[in-house]
There are 2 protein chains.
Amino acid sequence: MANNPLMDRCESTIIHEDIINEVKAHMPKEESLYDLAELFKVFGDTTRIKILYALFASEMCVCDMAALLNMTQSAISHQLRVLKQARLVKFRKDGKVVYYSLDDHHIQQIFNQGLNHINE
Amino acid sequence: MANNPLMDRCESTIIHEDIINEVKAHMPKEESLYDLAELFKVFGDTTRIKILYALFASEMCVCDMAALLNMTQSAISHQLRVLKQARLVKFRKDGKVVYYSLDDHHIQQIFNQGLNHINE
DNA sequence: TGAATATATGAACAAGTATTCATATGTATA
DNA sequence: TATACATATGAATACTTGTTCATATATTCA
């Protein structure tokens with residue numbers, strides 16, 4: 001039976017069908033789970049976390065963020081694009097300078113809960 | 001001045017030094033930010049999100065998770081290792097069967113805040 | 001208009017990661 | 001003890017992603 005595609009799935013024998021059905025009934029829909037993972041992916045990078053923490057304290061221009069984090073303007077700019085696409089930051093222009101700020105009030109709470117887990 | 005390493009950092013001219021200092025004063029320490037990013041990295045994968053949501057509803061064995069998510073036992077097992085290392089799940093053994101369950105009560109709140117952001 | 005400068009962006013590269021495949025480990029049972 | 005089976009794991013692979021480099025865009029000011 002080397003060709004049975006279910007070979008690697010516990011011999012295709014579901015041990016607790018009742019539990020599986022119970023769990024299935026409580027699962028959010030696929031799309032929500034995907035979007036949630038995408039959101040956390042955005043949080044899963046030190047540079048972006050730092051940018052967001054910086055913006056908790058004050059709006060900032062790209063140049064200042066680069067100086068603050070000791071990174072190139074390009075690297076910061078690329079990451080800001082990711083944060084923009086995730087609707088986490090917004091910006092306003094003042095001449096050449098672009099000021100970024102937070103566009104979501106959940107972020108801080110999410111981060112705090114995350115820190116709670118870490119500091120346990 | 002093509003060799004100036006600060007060339008790409010806004011000519012090394014910090015525009016708003018006051019803001020940078022203000023922000024610096026409020027930044028958590030490097031290590032916390034790193035750990036936080038590591039935690040969110042764990043959340044940043046659909047398979048792991050699904051596993052955790054499943055465990056919100058009930059403890060489950062590896063085999064059932066594989067059946068539920070229609071994935072190989074091996075893939076599930078690898079992801080459970082990541083979740084274990086992040087201290088997000090714990091397990092108990094009953095004969096051959098290993099039952100996994102949540103090891104943190106913050107997860108659900110973090111996910112709910114995440115969904116709030118998505119559904120806005 | 002031309003020079004300076006703040007930001008954005010495409011391409012390339014290096015590093016990280018999720019899954020698969022093969023196989024090992026550990027437990028129950030015939 | 002031998003077999004079955006639930007789980008774990010190392011290696012390989014395909015895919016993703018963060019940064020750099022070069023350059024484009026846009027705005028100010030002389």
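Quick caveat, the model's predicted, so the values are computed rather than measured. Naming convention: chains lettered A, B, ... in sequence-line order (proteins, then strands); numbering from 1 in each chain.
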With distance as the sole criterion, do the side chain of B:Ser74 and the base of D:dT9 form a donor-acceptor contact below 3.5 Å? yes
Which atom of A:Val89 lies closest to which atom of A:Asp103, heavy atoms considered: C-CB, 3.7 Å
Expressed as a whole number of angstroms, how long is the span from A:Met65:CE to C:dT7:P? 8 Å
Nearest-angstrom distance from the residue atom CD of A:Glu38 to P of C:dA18: 12 Å
Any side-chain to backbone donor/acceptor pair from B:Lys90 onto B:Leu102? Under 3.5 Å, distance only. yes
Could you identify which residues of residues 41-58 of chain A place a heavy atom less than 4.0 Å from some atom of DNA chain C, listed by residue number, or say none? none
Selection from C:dC21, C:dA8, D:dT19 that lies nearest to any side-chain heavy atom of B:His78: C:dC21
Could you walk me through whether A:Leu68 and A:Asp64 satisfy the side chain to side chain contact (heavy atoms under 4.5 Å, CB included) test, starting with their C-alpha distance in whole Å, then the side-chain angles of each, then the deciding distance to 0.1 Å, before giving a yes or no? CA-CA 6 Å; A:Leu68 173 72; A:Asp64 287 345; 6.0 Å; no
Using a strict heavy-atom distance below 4.0 Å, which residues from residues 79-100 of chain B are in contact with DNA chain C? B:Gln79, B:Gly95, B:Lys96
Taking side chain as C-beta onward, heavy atoms only, is A:Lys41 less than 4.5 Å from B:Asp45? no
side-chain contact (heavy atoms from CB on, under 4.5 Å) partners of B:Asn116, counting only residues at least two apart: A:His106, B:Gln113
Check: residues 52-62 of chain A side-chain donor-acceptor pairs under 3.5 Å, at least two apart:
{"from": "A:Glu59", "atom 1": "OE1", "to": "A:Arg92", "atom 2": "NE", "distance (Å)": "3.2"}
{"from": "A:Glu59", "atom 1": "OE2", "to": "A:Arg92", "atom 2": "NE", "distance (Å)": "3.4"}
{"from": "A:Glu59", "atom 1": "OE2", "to": "A:Arg92", "atom 2": "NH2", "distance (Å)": "2.5"}

Taking N and O atoms by type only, does the side chain of A:Gln73 place a donor or acceptor under 3.5 Å from a partner on the base of C:dA6? no
Salt bridge (Lys or Arg N to Asp or Glu O under 4.0 Å) partners for A:Glu120, two or more places apart: none
N/O (side chain, A:Thr72) to phosphate O (OP1/OP2, D:dT20) under 4.0 Å: yes
For residues 94-101 of chain B, which side-chain donor-acceptor pairs fall under 3.5 Å, sequence neighbours excluded?
{"from": "B:Tyr99", "atom 1": "OH", "to": "A:His16", "atom 2": "NE2", "distance (Å)": "3.1"}
{"from": "B:Tyr100", "atom 1": "OH", "to": "B:Lys84", "atom 2": "NZ", "distance (Å)": "3.4"}

